[in-house]
Amino acid sequence: MSETTKNKKIYNTEILTRLMKKYGLSKRYLTMSLSGERISETSDKIKSDYNKANEAITKILEEI
C-alpha cells in the first residue's frame, strides 16, 4: 500500500495576517493562491507581496 503524500507548506503567519487585512480575503484563499491552486491577477499580487515580505524578513534576520 503505497500512498503518495503531499507535504504541507508552512507559510509565515504574520505575513498572512497582514495580507488578509490588505486584501480582505480568507487565510485559506491566500494559502491556495500561494500554493498555485488559484490563478488570477489577485493571486499573482498575493504571491508577489508575500515573496517581498518574506525576503525582507529573511534579510533582516541574516543581519543579526
Side-chain angles (χ1 to χ4, degrees):
M1 277 193 246
S2 173
E3 288 187 25
T4 58
T5 57
K6 188 174 185 181
N7 291 337
K8 188 173 182 179
K9 176 101 167 109
I10 298 174
Y11 298 104
N12 186 318
T13 55
E14 183 63 31
I15 297 172
L16 289 178
T17 302
R18 296 191 186 246
L19 290 175
M20 284 171 51
K21 290 178 184 177
K22 179 178 179 177
Y23 290 102
L25 299 170
S26 69
K27 183 178 177 181
R28 177 70 181 138
Y29 186 86
L30 292 173
T31 56
M32 290 174 79
S33 295
L34 293 171
S35 69
E37 293 180 44
R38 295 286 182 251
I39 300 171
S40 68
E41 278 187 40
T42 305
S43 293
D44 291 340
K45 290 178 185 177
I46 290 169
K47 287 179 196 176
S48 175
D49 288 349
Y50 181 86
N51 289 332
K52 285 179 188 175
N54 197 31
E55 287 175 10
I57 290 170
T58 303
K59 189 174 185 180
I60 290 170
L61 292 175
E62 286 176 353
E63 293 176 2
I64 294 177

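Because only heavy atoms are used, hydrogens play no part in the values below, and waters and symmetry mates are left out as well, while side chains stay in.
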Original post:
What distance do K27 atom NZ and L19 atom CG have between them, rounded to the nearest 0.5 Å?
Top reply: 12.0 Å
Original post:
Is there a donor-acceptor pair closer than 3.5 Å between any side-chain N or O of Y29 and the backbone N or O of M20?
Top reply: no
**OP:** Enter the distance from T31:OG1 to I46:CD1 here, rounded to the nearest 0.5 Å.
**Re:** 10.0 Å
Original post:
Got a sec: does the CD1 of I10 have more than 12 other heavy atoms crowding it under 6.0 Å?
Top reply: no
Subject >> Smallest separation among heavy atoms of Y50 and I15, with atom names >> reply: CD1-CG2, 3.3 Å
Subject >> Minimal non-hydrogen separation, D49 against K22, with atom names >> reply: OD2-NZ, 2.8 Å
**OP:** Keeping the roles fixed (side chain from S48, backbone from D44), state whether a donor-acceptor pair exists under 3.5 Å.
**Re:** no
Subject >> Verdict with reasoning, R18 to E14, per salt bridge (Lys or Arg N to Asp or Glu O under 4.0 Å) >> reply: CA-CA 6 Å; R18 296 191 186 246; E14 183 63 31; 2.9 Å; yes
**OP:** Specify the closest pair of heavy atoms between T42 and Y23, including all atoms of both residues, with the distance to one decimal.
**Re:** CG2-CD2, 4.3 Å
Subject >> Joint hydrophobic cluster, Y11 plus L61, side-chain heavy atoms closer than 4.5 Å >> reply: yes
**OP:** State the CE-CD1 distance between M32 and I39, to the nearest 0.5 angstrom.
**Re:** 11.0 Å
Original post:
Rounded to the nearest 0.5 Å, how far apart are CZ of R38 and CZ of R28?
Top reply: 7.5 Å
